[in-house]
Protein chains: 2
Amino acid sequence: MASPSTAARVSARRYRAASPPATRFDKRLSEILTHATDVFCKKGYEGASMRDLSRASGMSLAGLYYYFESKERLLFLIQKHTFTTIVQRLKSRLQGISDPEQRIRIFILNHLEYFLANQAGMKVLSHEAEALKNGFASEVAAIKREYYRICVGLLDDLKRDRGLQFSTRIAVLSLFGMMNWIYTWHNPKVDADAEQIAREMGDVFLRGVMNGTRTRRDVR
Amino acid sequence: MASPSTAARVSARRYRAASPPATRFDKRLSEILTHATDVFCKKGYEGASMRDLSRASGMSLAGLYYYFESKERLLFLIQKHTFTTIVQRLKSRLQGISDPEQRIRIFILNHLEYFLANQAGMKVLSHEAEALKNGFASEVAAIKREYYRICVGLLDDLKRDRGLQFSTRIAVLSLFGMMNWIYTWHNPKVDADAEQIAREMGDVFLRGVMNGTRTRRDVR
DNA sequence: CTCTAATTCGAACGTTCGTTCGAACTCAGT
DNA sequence: ACTGAGTTCGAACGAACGTTCGAATTAGAG
């Protein structure tokens with residue numbers, strides 16, 4: 001209980017921090033996280049056993065526990081790192097852009113680009129959202145809420161700027177649905193790249209949310 | 001191995017058929033399916049144990065195996081029944097409607113209404129789509145493909161009717177994303193009913209897919 | 001090379017998993 | 001009341017689960 005668990009806790013805190021340090025421990029941990037992400041992606045969190053993770057990362061079963069104290073914490077580290085990264089990138093990409101429509105297009109592009117470049121991680125994030133409990137769950141939920149609120153802000157800005165009327169909540173959640181569902185169907189050999197899909201989804205969503213208030217609702 | 005497994009196989013075939021017969025066996029089975037659906041919804045397929053299902057349905061662990069031969073087959077029965085029902089309802093609702101826009105609105109309304117009325121079943125269908133293997137998986141996949149193709153047909157009709165240009169595949173999958181994502185956020189105490197959400201999502205989607213070809217893509 | 005701390009591992013822990021089996025019970029038809 | 005099929009269950013199976021522990025190995029500073 002003494003030294004390993006302490007070391008693991010310290011590094012876990014370091015994991016998302018500045019990259020420079022990158023001790024041997026940190027490198028090995030992030031390798032394990034990468035392999036674990038693939039396994040969770042393929043078999044699901046509950047469906048993946050610690051022995052699966054051991055096989056995938058080429059380390060003994062017991063050896064894994066030197067790097068994290070439980071399977072649940074491992075999932076937590078994956079989700080937190082993935083989510084933190086996508087939020088970070090979004091913020092930096094939004095800097096200096098002021099046109100509301102353009103900002104939403106950047107939001108969509110950032111989300112889809114990261115999603116397709118890190119499909120496994122994003123699938124684990126979307127699909128295993130309910131797998132964590134209590135403390136772990138709430139920490140990830142906080143990041144999710146921040147991300148959600150950013151999107152709400154972008155849409156409210158557009159509404160104000162263009163004088164539009166629609167339910168922000170439904171719009172935001174519809175947009176997330178469009179984008180996140182991609183993990184169920186995207187096939188790199190058939191489908192276009194992130195940029196083009198972002199353009200097409202952006203077209204549909206933005207046109208859908210702008211332009212007057214209603215389509216013709218004839219017939220009955 | 002003799003009589004029980006035969007009986008179970010026979011009734012499973014009967015499960016989705018005409019309602020009139022409804023033997024004692026069939027009634028009990030569908031009660032079990034209902035409870036199992038709730039448990040799978042809450043804990044996930046892998047996360048739910050047969051002992052959980054036994055507790056939820058008020059039947060002994062061994063007793064369950066009189067009604068189906070494996071946990072996987074139980075999930076299959078749930079998915080097949082849910083999917084078959086929603087396709088059936090859609091077909092009957094589409095009869096007699098010829099306006100392409102109206103037909104798409106019916107598709108959306110049917111999907112969301114059934115989704116919210118059978119949240120547990122639809123979540124198990126959406127969220128556990130990859131849990132089945134081989135024969136079970138392909139049978140459900142066939143229904144899914146049929147449902148998908150119906151939606152593609154509706155959109156292609158709209159395109160032809162209105163002379164529009166967009167990627168049907170991306171549009172259909174975006175629409176499914178918008179709709180299916182609902183299981184992650186819908187809260188009956190906060191959110192509107194299916195009819196209103198269907199109207200709002202229909203507005204966004206249809207407006208997005210109609211109206212010329214492009215939004216103004218100014219700025220760079 | 002030496003010594004210490006960091007890292008890895010084989011073996012085993014107690015628990016829970018999905019499934020099986022034969023005995024017991026319930027019920028409809030006689 | 002008797003019978004046979006339909007239904008339920010307690011008990012147990014071997015396998016797999018997440019986790020632990022102490023010993024063995026390795027790496028880096030002196």
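From a predicted model like this one, the values you see are computed outputs, not experimental measurements. Numbers restart at 1 for each chain; the letters A, B, ... are given by sequence-line order, proteins then strands.
Here D/dC17 presents its C1' atom at 8 Å from NZ of A/Lys71, a figure rounded to the nearest Å. Atom OH in B/Tyr45 sits about 9 Å away from atom C1' in C/dG18, given to the nearest Å. Distance A/Met59 CE to C/dT7 C1': 7 Å, rounded to the nearest Å. Atom-to-atom, CG of B/Leu64 to P of D/dG10 comes out at 12 Å; the value is rounded to the nearest Å. When rounded to the nearest whole Å, the span between CG of B/Leu61 and C1' of D/dA11 equals 11 Å. Rounded to an integer number of Å, the gap from B/Glu31 CD to D/dT7 C1' is 14 Å. Note: NZ (B/Lys133) to P (C/dG18) measures 13 Å, nearest angstrom. We find that CZ of B/Phe68 is positioned 14 Å from C1' of C/dT20, with the value rounded to whole Å.
The end-to-end axis angle of the helix from C/dT2-D/dA29 to C/dT30-D/dA1, rounded to 10 degrees and based on five pairs per end, is 10°.
The side chain of B/Arg24 contributes no N or O atom lying less than 4.0 Å from OP1 or OP2 of C/dC27. Residue B/Tyr65 has no polar side-chain atom (N or O) positioned under 4.0 Å from OP1 or OP2 of D/dC9. Phosphate proximity of D/dT8 to B/Tyr66: absent, as no side-chain N or O sits under 4.0 Å from OP1 or OP2.
The six-membered or imidazole ring of A/Tyr114 lies away from that of A/Phe83, with a centre-to-centre distance of 6.0 Å or more.
Within residues 49-58 of chain B, the residues approached by DNA chain C to less than 4.0 Å at the level of any non-hydrogen atom are B/Ser49, B/Met50, B/Arg51, in residue-number order.
The side chain to side chain contact (heavy atoms under 4.5 Å, CB included) test with B/Val152 singles out one residue from B/Leu154, B/Leu155, B/Ile150, B/Asp156, and that residue is B/Asp156. If you run ring pair (Phe, Tyr, Trp, His ring centres under 6.0 Å) between B/His127 and each of B/Trp181, B/Tyr183, B/Phe40, only B/Tyr183 comes through.
Contact check for A/Asp203 versus B/Phe166: no side-chain heavy atoms found under the 4.5 Å cut-off.
With A/Lys133 contributing its side chain and A/Glu72 its backbone, the two residues share no donor-acceptor pair below 3.5 Å. In terms of modelled atom types and a separation under 3.5 Å, the side chain of A/Lys123 and the main chain of A/Cys41 share a donor-acceptor contact.
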Pair B/Glu31-B/Lys27, salt bridge (Lys or Arg N to Asp or Glu O under 4.0 Å): steps then yes or no: CA-CA 6 Å; B/Glu31 280 174 30; B/Lys27 269 189 201 155; over 6 Å; no

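Across all non-hydrogen atoms, the minimal contact from B/Glu200 to A/Ser167 is OE1-CB, 3.2 Å.
Salt bridge status for A/Arg149 with A/Glu146: absent, with no side-chain N to carboxylate O gap under 4.0 Å.
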